[in-house]
Amino acid sequence: MSDPVLTLDRVSRDYVRAGRRLAAVDEVDLVVHRGKTLGIVGESGCGKSTLARLALHLVPPSSGRVLREGQDIARLDAGALRRLRARMQIVFQDPNASLNPRWRVGAIIAEPLRAQGWSRQKRLDRVSEVLDLVGLPQDAVDRLPSAFSGGQKQRIGIARALAPEPDLLICDEAVSALDASIQAQILNLLTDLQARLGLTMVFISHNLAVVRHVSQRVAVMYLGRIVELASEADLFDRPQHPYTRTLIAAVPEPGRPLQAGSVRGEPPDALAPPSGCHFHPRCPLAQNICRRISPPLIEAASGHLASCHFPGASAS
Ligand SMILES: Nc1ncnc2c1ncn2[C@@H]1O[C@H](COP(=O)(O)OP(=O)(O)OP(=O)(O)O)[C@@H](O)[C@H]1O
């Protein structure tokens, strides 16, 4: 396996809401290897965006460590942290919200370079390069975001993220606001860029089909925890956790009727998580032990982690 670019070592992030502690991310262990894409999937509120913010050091962990190439980010001095920030970039969900409508595209893309002290000529050259990389015309530099379609705006967001030559790109619901046909174009662009630039990516989405398209490994999150982690093929062909199986069953496939109601019931309240396995109130396999004991994330099959007392079992 290639070297780790990003490591989360028992990372938790708590918030306090209504006077109570909420574990948005709960003791997560993850490694993202160089040149690979790790997909993170889960329902709204399971902690995906908090995980992205932790990885980018936009919020510090409440406990645990975030390591970049083996170095604890929290221990870097200000200069090292500033240089590191340039090397990890994020593409957001909604390009309409993340692109300043009053700035021309050239200025938007060059902004992170200005912050890094690049000279004007170097900025101009780099903007021209990244426009080519993302398939936008050179004359885009002088236009406002409003002149572009949703898919093109997301290309501008990707160009801005790529401008400072990051080695780690985090995509947080990066195609979720786009039409299906445009989603496919942007996903293909991202996989192409990854291969050409050797990027390491963390690709976050509530949409399993989208995550599958771009990821080599996939982590499934539920209420702040990783409940399953495996290669893309193992996760989809041999899911071990009942939550993952219900998510997969809900993915529409040509020729297969859509399964009604993907996961039964609503996600639990993060302020009052269920006892034992957090998934047990919605699980078709739940037994007494599931209500009492939280299952650890362990190897259910070779290289395939799941936190379930009955991995691989199916409901009869
Ligand atoms: N700043 C905050 N203060 C209080 N609670 C927060 C904060 N940020 C996130 N949370 C809570 O932490 C939990 C995880 O939120 P997060 O946004 O990380 O989930 P998510 O999976 O990205 O969801 P979504 O896709 O809806 O954004 C939620 O219960 C959320 O309400």
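Counting starts at 1 for both ligands and their atoms, following the listed order.
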* **Rounded distance [0.5 Å steps], CD in Q287 versus CZ in F310** => 4.5 Å
* **Matching residue for Q216 among K36, H33, M201 - test: side-chain contact (heavy atoms from CB on, under 4.5 Å)** =>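 Result: among K36, H33, M201, K36 is the only option passing the side-chain contact (heavy atoms from CB on, under 4.5 Å) with Q216.
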Hey, is ligand 1 close enough to [X] that some N/O pair sits below 3.5 Å?
X    : value
A270 : no
V16  : no
T50  : yes

At a 4.0 Å threshold, what atoms of ligand 1 neighbour a non-hydrogen atom of [X]?
X   : answer
R53 : 8 (N)
S49 : 17 (O), 18 (O), 20 (P), 22 (O), 27 (O)
E43 : 21 (O)

* Asked: So, D29 side chain and R10 main chain: donor-acceptor pair closer than 3.5 Å or not?
  -> yes
* Asked: Taking S275 for the side chain and R291 for the main chain, is one N or O donor matched with an acceptor at less than 3.5 Å?
  -> yes
Among protein heavy atoms, which sits nearest to [atom], and what does the distance come to when rounded to 0.1 Å?
atom                    : answer
atom 19 (O) of ligand 1 : G47 N, 3.1 Å
atom 10 (N) of ligand 1 : Y15 CD1, 3.7 Å
atom 11 (C) of ligand 1 : L22 CD2, 3.8 Å
atom 26 (O) of ligand 1 : S44 OG, 2.5 Å

* To do: Would you please determine whether M221 falls within less than 4.0 Å of ligand 1 on a heavy-atom basis?
  => no
* To do: Could you tell me if any non-hydrogen atom of G45 lies under 4.0 Å from any atom of ligand 1?
  =>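 Under 4.0 Å: yes for G45.
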* To do: Would you tell me which option among K48, R17, Q93 has the nearest heavy-atom contact to atom 30 (C) of ligand 1?
  =>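 The residue whose heavy atom sits nearest atom 30 (C) of ligand 1 is R17.
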* Asked: Under 6.0 Å from the six-membered ring centre of Y243 and within 45° of its axis: does the NZ or CZ of R282 meet both?
  -> no
* **is_close_aromatic(Y222, H241), centroid dist under 6.0 Å** => no
* Is D167 paired with R34 through a side-chain N to carboxylate O contact shorter than 4.0 Å? ->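 Yes, R34 and D167 are salt-bridged.
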* Asked: Has R114 got more than 12 heavy atoms of other residues, nucleotides or ligands less than 6.0 Å from its CZ?
  ->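 Counting other residues, nucleotides and ligands, CZ of R114 stays at 12 neighbours or fewer.
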* Step through the shown structure and confirm whether more than 12 heavy atoms of other residues, nucleotides or ligands are within 6.0 Å of CD on Q138. => yes
